[in-house]
There are 2 protein chains.
Amino acid sequence: MEPAQPRRRATLRDVARLAAVSPKTVSRVVNHEPGVTAAKVAAVTAAIDQLGYRPNVTASALRRANGRTATIGAVLEDVANPFSSALHRAMEDVARARGVSILSGSVDEDPARERALISTFFGRQIDGLVIAAASDNQAYLTTEMLGGTPVVFVDRPPIGVRADAVLIDNRAGARQAVEHLIAAGHRAIGYVGDLRSIATAQDRLQGYRDALAGAGIRPDPGHVVEDRHTEDAAERAVHRLLDGQAPPTALFTAQNLVTIGAIRALRARGRQRSVALVGFDDFPLADLLEPGVTVVAQDPSAMGALAASLIFRRLDGEVWPPVVHTIPTRLIPRGSGEIRPG
Amino acid sequence: MEPAQPRRRATLRDVARLAAVSPKTVSRVVNHEPGVTAAKVAAVTAAIDQLGYRPNVTASALRRANGRTATIGAVLEDVANPFSSALHRAMEDVARARGVSILSGSVDEDPARERALISTFFGRQIDGLVIAAASDNQAYLTTEMLGGTPVVFVDRPPIGVRADAVLIDNRAGARQAVEHLIAAGHRAIGYVGDLRSIATAQDRLQGYRDALAGAGIRPDPGHVVEDRHTEDAAERAVHRLLDGQAPPTALFTAQNLVTIGAIRALRARGRQRSVALVGFDDFPLADLLEPGVTVVAQDPSAMGALAASLIFRRLDGEVWPPVVHTIPTRLIPRGSGEIRPG
DNA sequence: CTGAAAGCGCTTACAG
DNA sequence: CTGAAAGCGCTTACAG
């Protein structure tokens with residue numbers, strides 16, 4: 001005769017009652033602590049199976065000395081964009097190996113959402129946080145970090161707070177992209193970039209300027225378009241650039257979606273084989289487009305894996321002053337960036 | 001004089017002490033319960049700010065009558081694949097509107113991982129679960145659901161358990177895809193599909209057979225390739241199909257990555273404009289390839305949003321017998337599927 | 001080897 | 001309007 005299944009989940013106490021032992025003994029079995037007779041282990045195990053008991057991790061964390069919930073937070077730009085989701089997946093793989101789950105959320109470049117997410121995540125007692133920040137200052141995190149929770153910045157540098165970071169050299173990567181276009185013979189090179197509010201966008205624009213300056217090219221202010229955050233906005237910007245007085249013969253598109261928008265504009269004009277293009281950020285199928293899209297690629301998987309492992313090393317008790325890790329970028333020539341000026 | 005910041009996070013008790021009120025009064029303020037004098041509200045609020053106090057949601061959930069943690073679980077195929085991540089994002093948007101966070105994980109078609117994730121998520125007291133199942137039986141979920149936690153299946157039907165589901169009609173969608181190729185004049189149509197272990201893959205193969213049967217075409221067993229789960233495997237399969245005795249003049253590729261692998265094979269042979277192709281599942285940039293890739297598209301955003309809203313309706317107390325929602329698919333002609341036989 | 005008591009941070013159910 | 005006591009499910013710190 002089995003007892004009727006209760007509408008509530010079985011507790012450790014229920015298991016103890018059924019196995020005729022104390023709660024503490026059940027706790028010992030569940031946590032694989034030594035010093036319980038085989039007979040009691042068997043009784044407890046049987047009771048656990050019979051009741052479908054599953055320990056309440058949150059209750060356990062509440063009382064445990066270290067208070068760990070085996071959960072880390074990931075504050076991402078958008079879980080659905082390929083860069084964020086590759087980061088996310090790499091974090092997950094590192095976390096899973098340690099039995100740790102991931103709470104994630106998208107900020108969409110909205111500082112208010114960033115703060116709301118972080119507040120929510122800390123309220124849920126995360127053990128660590130990986131953040132791709134959208135705000136222009138994260139000083140508010142100092143309070144959270146006083147609790148000893150490790151925080152690692154990824155993709156975007158920390159501002160107003162000292163923390164580990166896993167970044168790329170955006171300026172050098174952008175410079176390399178533009179130098180590649182210069183090497184192909186271009187001197188009129190357009191820049192289309194993301195929101196000015198994003199630090200990495202500023203760095204990439206700086207890299208663009210560095211490359212022009214390095215080649216002794218006078219930058220044409222009319223060739224620089226900032227604050228394009230969507231495909232559509234980028235597409236319109238490229239149309240306008242090409243409609244200008246002295247249109248550029250090459251484009252440096254400083255972000256994923258911007259690159260795709262630019263390609264749509266070039267296609268619409270039948271110019272994809274006559275206007276050169278190098279994009280920042282790789283994206284799926286870039287090699288299958290015609291021409292293939294030359295990009296400066298980041299390695300989001302490596303970034304996510306490193307960020308997560310830094311969290312875990314701190315949780316394991318390692319101590320070091322906040323450090324910035326710079327992951328190399330890589331220029332991948334695929335055709336669009338090797339087009340020579342008309 | 002501020003007191004030295006403690007190394008631990010401030011608790012409700014700390015706030016009470018500083019504000020010189022009882023813990024219960026702090027609780028009232030934090031939860032916006034009425035009946036607290038303005039003076040005490042002000043004192044408590046000030047103490048909260050000074051200490052950087054943030055309520056511990058897990059402790060609160062532990063004691064609360066409904067035990068809600070404001071967290072739902074998402075068991076996905078792979079957070080990094082476009083289909084899963086679109087699902088994920090849509091769920092997030094619905095959840096955020098209710099202040100609910102998402103715990104997610106990737107199963108990679110591994111039933112063991114599916115069970116481990118679910119066990120982990122329930123151990124963290126999720127309020128609801130959305131699952132794209134990889135296992136061939138989810139009877140084990142019955143125990144979890146006895147606790148009253150709503151579970152919604154998405155993309156893959158529940159097997160061995162009664163639960164809500166948000167699916168598409170895979171068989172009808174596949175049939176439509178193949179009929180489209182038949183309408184273009186093809187009779188030798190290859191099928192390349194995902195793992196046999198996936199129910200939706202079986203349905204799609206069935207739809208392929210339906211279409212051929214409907215047109216009175218004798219299916220050629222040599223034209224059917226199953227169990228291709230990666231781009232590479234699909235690419236090799238298409239090479240083999242085209243090297244066969246009576247190669248197909250058109251392909252129906254029954255999944256995302258399979259479609260991309262097939263395109264790579266066709267490109268490698270310079271056949272992308274002579275062999276017709278319709279894929280199941282849309283993917284980013286499908287319209288920018290040349291030719292554009294004709295697909296039967298699902299709507300993962302709509303699926304994720306509906307799945308999440310079903311969870312919340314149940315949490316709000318609505319009751320109904322488990323129901324299957326079928327989201328329509330849509331054939332999007334872009335070029336590859338309109339190629340006529342040689 | 002085993003268990004009774006106390007307490008993690010919070011809310012419930014009362015009493016005043 | 002306010003607070004003291006008890007308890008959510010678990011682990012700690014002891015005692016036997």
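Chain letters run A, B, ... following the sequence lines, proteins first and then strands; every chain starts at 1.
In this structure, Thr25(A) reaches the dG3(C) phosphate: one of its side-chain N or O atoms is under 4.0 Å from OP1 or OP2.
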Item to complete: Determine, for nucleotides 8-16 of chain D in 5'-to-3' order, which nucleotides have protein heavy atoms under 4.0 Å from the base (write B), from only the sugar-phosphate (write S), or from neither (write -).
Response: BBBBBB---
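In this structure, a donor-acceptor pair under 3.5 Å is present between the side chains of Arg9(B) and Thr149(A). If you check the side chains of Asn56(A) and Thr58(A), you find a donor sitting under 3.5 Å from an acceptor.
Taking Ser135(B) as the reference, Pro111(B), Glu114(B), Gln138(B), Tyr140(B) meet the side-chain contact (heavy atoms from CB on, under 4.5 Å) condition, with sequence neighbours excluded. Residues passing the side-chain contact (heavy atoms from CB on, under 4.5 Å) test with Ala19(A), sequence neighbours excluded: Val21(A), Ala43(A), Val44(A), Ala47(A). Residues satisfying the side-chain contact (heavy atoms from CB on, under 4.5 Å) test with Pro322(B), not counting sequence neighbours, are Arg162(B), Asp164(B). Thr69(B) meets the side-chain contact (heavy atoms from CB on, under 4.5 Å) test with Ala61(B), Thr71(B), Gln125(B), Asp127(B); sequence neighbours excluded.
Rounding to the nearest 0.5 angstrom, the gap separating the OG1 atom in Thr45(B) from the NZ atom in Lys40(B) is 13.5 Å. Atom CE in Met91(B) sits 12.5 Å away from atom OG in Ser301(B) (nearest 0.5 Å).
Every stem involving DNA chain C, taken as at least 3 paired positions in a row under the Watson-Crick or G-U wobble test at 3.5 Å, is listed here: C:1-3 with D:14-16, C:5-12 with D:5-12, C:14-16 with D:1-3.
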